[in-house]
Amino acid sequence: MTTEPITIHSIINGEKIETENKLPRENPTHPDQIVGYAPINSKEETIQAIDAAYEAFKSWAWSDVDDRIARMKKAIQKIKDSTEEIAELLSREHGKALYDAHGEIAVSLMWMEFACDHVKNVVAPEEKEHDNGRTIITHDPIGVVSAITPWNYPISLSTIKIAPALLTGNTMVLKPSPFAPLAVSRVCEIISDEFPPGVLNLVHGEAEVGVELTSNEKVAKIAFTGGTKTAKSIMKAASETIKKMTLELGGNDAAIVLEDFDVNDERALRRMVISNFLTAGQICMIAKRVYVHRSIYDAFVEKYIEAANKWIRVGDPFHPEVTVGPVNNQNQVKYVQSLVSEAEKKGAKIVKLGTILNPELMDNGYFLQPTLVLGADYHDPIVVEEQFGPTVPILPFDDEEQVIKLHNESIYGLTSSVWGEVEHAIRVARRIEAGTTMINTAAIQGLDVRFPFGGVKQSGVGREYGEEGLKSYTETHVINIPKNLELPYIPE
Ligand code: NAD
C-alpha cells in the first residue's frame, strides 16, 4: 500500500482532466498526512461536463439495454478485481475501519448486480389491448442526471445512483464530497472507462460546482444524498427549471425496545451496539436515539454497556481488531463534542464505552471515544438532532402511545427499528412514520438492496434501491391508439 499522496482527476467527456486548483484530503487518523489531492473544478468545467452528458444522452438514450448491462458487468468485475486497493484508499481518506470499507464496496457491488439483473424488467414496454383499442407504455430515460453525494458512504451512495441511471439510458455528472473524494473517483474512473465518452462525467468541488449542477437548464434530474439543510437550497436552485428529484437526507432514527425484549440475548445487544456505532456513528440510518421500556430499562443499560465494551475497539482503521475508527473530519468532532457536553451540563450522565487500542493516536487524530448519554431530556439537542457521530442517548418510556408519539414528532423519518417479540414489534412498527422499519436489527444490518429505501417527511423525496429505485430514473410515456378517435359530446 502506497502512502504517497495520490492525485485524482475529473472526467469530462471521457478525458481525465488536471486542474490547477487542488484540494488536499487529509487522513483523519493522522491529520498531518495527506492521502491525496482532488481537483477543484470551476463553473466553466462543470458546464463542460453537463454539455458532454447532454450530447452523449442523444445516442445513449437509444442504446441497447443488453449493451448497457454488458458494460456495467465489465465495470463490476474490474471493481471486484481492485477491491483491496479501493478499500485501503477509502479507509485512509475516510477513517472507517478496513472491514467497514470492504463492507461498503460489497454492498455497492450487490446493488450494481441487482440493477443489472432487474433493469430489463423495469424498462420493458407494456402493451395493453382494451375496450377502446391499444395502449403502449414505455419507461424512457430522463436525460442528464446530476448526482451529488456525501462523505460518509461515498462509494455506495454514488453507485446507488450511477448504476440505475446509466442502465436505464441516462447520462450523469457526479460530484462527490470533498471530505472523501478519492476512492469514489477511482470507482468512477473504472465505470466511465467502460462507457462511451460523456455518459459518466466526474467533477469535484463545493458550492459553486453544486449550484451549477442543480440549476443548469440541461440537467433533467437531481439525485442528491446529504443534509436536509443543503437539500433545501438544492430544491430552490432546481425549481426554476422544475427538475425531477430524488433526495436522500438526514435522519434521527430511533430504536424502540419493548418490554418483551430479552436483555440476556447477547447477539441482539451486539446488533444494537453495531447499529449505534458502526462507521463511528456516521451513517444516515444509524440508530441515533434508543427508547427502552421502563420495566427493563436498568437491566438493558447494564447489559448494553457490557455488549458495547466487548464490541467497541477504537483505533487505527488498519488495526485488525479495530471496530471503530476516527470521525471523518474536525467539524464533525466538534459538533458531536458540543452535543455531549451540552447534555452533560444539563445533568446527563456520560458513559465512555469500549477499549482504546491505539492511545498514541487519540490526541492528534479525529478520534472520539464512543459514549452513552443517560438521563437526557426527551427534547434535548442530543436526542432531537442528528448527531452523526459516536454517541447515543438511551431514554426510558412508559407506554407504547408515548414512545410512538416521541418517535413521530421528529421532523425526520428515514429508518427506525423495533426490538422485542416479533408480532408485537410489527404492530408497533406499523404505526411508525419512517421509510424503513427493521425488527430486532437496525441500520445496515437490516438493509436489503432488493427493496426501496428512502425517507418520509424531511428525510427525503423518492426512493433508491429495489426496482422502484431503478424506475425513478425513467419517465413514463403513454402511446394511446384509441378505437374511438373522437369524443361524442363535442358538437359538430
Ligand atoms: P452535505 O449536505 O453537507 O453535503 C452533501 C453534498 O452536497 C456534498 O457533495 C457537498 O459538497 C454538496 N453541496 C454542499 N452545498 C451544496 C449546494 N449549495 N448545492 C449543491 N451541492 C452542495 O452532507 P454531508 O455532510 O456530506 O453528509 C452528511 C449528511 O448526509 C447527513 O445529514 C446524513 O444523514 C446525510 N445522509 C443521508 C443518507 C440517506 O440515504 N438518506 C445517506 C448518507 C448520508
Side-chain angles (χ1 to χ4, degrees), residues 23 25 38-41 43 46 94 96 104 107-108 111 146-161 173-181 184-185 202-216 219 222-239 243 245-253 278-288 327-333 335-336 385-389 410-416 434-436 443-444 447 449 452-465 469 472:
L23 191 74
R25 175 60 205 155
I40 304 177
N41 286 111
K43 179 177 170 175
T46 310
H94 183 284
K96 61 176 71 182
E104 176 173 348
V107 173
S108 309
W111 163 245
S146 283
I148 301 177
T149 57
W151 49 262
N152 66 322
Y153 271 65
I155 296 177
S156 64
L157 297 172
S158 296
T159 49
I160 201 174
K161 299 169 175 47
V173 183
L174 183 131
K175 188 197 93 59
S177 163
F179 290 105
V184 64
S185 296
L202 173 70
V203 291
H204 290 270
E206 255 300 345
E208 194 187 27
V209 173
V211 167
E212 190 58 40
L213 286 176
T214 49
S215 57
N216 188 297
V219 171
I222 295 168
F224 172 76
T225 303
T228 299
K229 198 168 151 222
T230 312
K232 289 179 187 176
S233 48
I234 288 179
M235 279 183 120
K236 278 189 198 138
S239 67
K243 300 186 192 312
M245 256 186 226
T246 305
L247 303 174
E248 294 287 359
L249 311 179
N252 187 18
D253 303 11
L278 185 68
T279 320
Q282 304 162 110
I283 312 182
C284 57
M285 57 168 146
I286 211 95
K288 295 172 182 135
V327 167
N328 172 269
N329 59 74
Q330 185 98 68
N331 290 344
Q332 208 57 32
V333 171
Y335 178 60
V336 175
E385 302 288 331
E386 180 186 43
Q387 65 271 45
F388 221 63
S410 172
I411 58 163
Y412 298 112
L414 189 59
T415 77
S416 57
T436 303
I444 291 180
L447 179 73
V449 301
F453 177 85
V456 303
K457 301 197 274 187
Q458 293 189 33
S459 284
V461 175
R463 293 291 180 272
E464 294 187 308
Y465 285 147
S472 72

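Order of listing sets the numbers, starting from 1, for every ligand and every atom in it.
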Considering only non-hydrogen protein atoms, determine which one is nearest to atom 19 (N) of ligand 1 and report residue, atom name and distance to 0.1 Å.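 It is Gly210 C, 3.7 Å.
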Under 4.0 Å from any heavy atom of [X], which atoms of ligand 1 are there?
X: Pro176; result: 9 (O)
X: Phe224; result: 2 (O), 5 (C), 6 (C), 7 (O)
X: Leu157; result: 42 (C), 43 (C)
X: Leu249; result: 34 (O), 37 (C), 38 (C), 39 (C), 41 (N)
X: Leu414; result: 41 (N)
X: Ile148; result: 6 (C), 7 (O), 9 (O), 12 (C), 20 (C), 21 (N)

Based purely on interatomic distance, does [X] place a nitrogen or oxygen under 3.5 Å from a nitrogen or oxygen of ligand 1?
X: Lys175; result: yes
X: Pro150; result: no
X: Thr149; result: yes
X: Ser459; result: no

Which option out of [options] puts a heavy atom nearest to [atom]?
atom: atom 3 (O) of ligand 1; options: Thr228, Thr230, Leu213; result: Thr230
atom: atom 35 (C) of ligand 1; options: Gly454, Ser233, Gly226, Gly455; result: Gly226
atom: atom 34 (O) of ligand 1; options: Lys229, Glu386, Gln332; result: Glu386

Below 4.5 Å, heavy atoms only, C-beta onward: do Lys457 and Ile411 meet side chain to side chain?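 Heavy-atom side-chain distance check fails, nothing below 4.5 Å.
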Heavy-atom distance under 4.5 Å between the side chains of Ser146 and Glu212, does that happen here?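 No, every pair of side-chain atoms sits at 4.5 Å or beyond.
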Going by atom types only, do Lys232 and Gln458 share a side-chain donor-acceptor pair under 3.5 Å?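 Side-chain D/A pair, Lys232 to Gln458: present.
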